[in-house]
Amino acid sequence: MSKIEKSNSYFVISNFNHDPMPLSIYAKNFEVFDQSNDPEIRRYLENLRDPRIKFSKHVGHNIIDYLNWIVDNWDNLPEVVVFAKGNMIGRHIDKSHWEKIYLNNHY
């Protein structure tokens, strides 16, 4: 497997009951907001002890994680931000297409 070039875009990943870490390998900088209620996923992410993984209340929508992140970082927003779902690859975009576009500075 070849080494994956990391994007300069800041990834804000909202997650529910999936392993979001495969998406994180594409980013130099990222945060995960996990709303999972699956105990195995929750335990897995907690055991990573990664300060970039935060746990948020499951409200049925990922937009709350994105909006909270924008408000909390308003005075220091990165130039390009990717707002993504933890299960995006394979569900919303196929991996081969994602790997063609993830280095873009626009989406």
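Quick note: numbers below take in every heavy atom, side chains included, and nothing from hydrogens, waters or symmetry partners.
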Examine [X] and [Y] and state if one hydrophobic cluster contains both, with Ile, Leu, Val, Met, Phe, Trp and Tyr joined whenever side-chain heavy atoms are less than 4.5 Å apart.
X      : Y      : answer
Ile63  : Trp74  : yes
Tyr66  : Ile64  : no
Ile101 : Leu103 : yes
Phe16  : Ile89  : no

Which heavy atom of [X] sits nearest a heavy atom of [Y], and at what distance?
X     : Y     : value
Ile41 : Asn17 : CG1-C, 4.0 Å
Asp19 : Met21 : OD1-N, 2.9 Å
Ser9  : Ala27 : O-CB, 4.4 Å

His97, NE2 atom: more than 12 neighbouring heavy atoms under 6.0 Å: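 It does not: His97 NE2 has 12 such atoms or fewer within range.
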Residue His61 excluded, over 12 heavy atoms near NE2 under 6.0 Å: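 12 or below, so no.
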Check against side chain to side chain contact (heavy atoms under 4.5 Å, CB included), Val81 and Ile70: CA-CA 10 Å; Val81 179; Ile70 291 168; over 6 Å; no
To the nearest 0.5 Å, how far apart are [atom1] in [X] and [atom2] in [Y]?
X     : Y     : atom1 : atom2 : result
Gln35 : Arg42 : CD    : CZ    : 9.0 Å
Arg43 : Asp38 : CZ    : CG    : 8.5 Å
Asn87 : Ser14 : CG    : OG    : 9.5 Å
Ile13 : Trp69 : CD1   : CH2   : 12.0 Å
Leu45 : His18 : CG    : NE2   : 12.0 Å

Any donor-acceptor N/O pair, Lys6 side chain to Ile25 backbone, under 3.5 Å: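 Flag set: sc Lys6 to bb Ile25 pair under 3.5 Å.
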Any donor-acceptor pair under 3.5 Å from Tyr102 side chain to Glu5 backbone: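 The answer is yes, because a donor-acceptor pair under 3.5 Å joins these two groups.
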Stepwise side chain to side chain donor-acceptor pair (under 3.5 Å) check, Tyr26 with Glu99: CA-CA 9 Å; Tyr26 295 97; Glu99 289 184 345; 2.6 Å; yes
The single option from Val12, Ile53, Asn68 passing side-chain contact (heavy atoms from CB on, under 4.5 Å) against Phe33: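 It is Val12, the one option of Val12, Ile53, Asn68 that forms the side-chain contact (heavy atoms from CB on, under 4.5 Å) with Phe33.
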Identified side-chain contact (heavy atoms from CB on, under 4.5 Å) partner of Asn15 from the options Leu23, Asp65, Asp34: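 Only one option passes, and that is Asp34.
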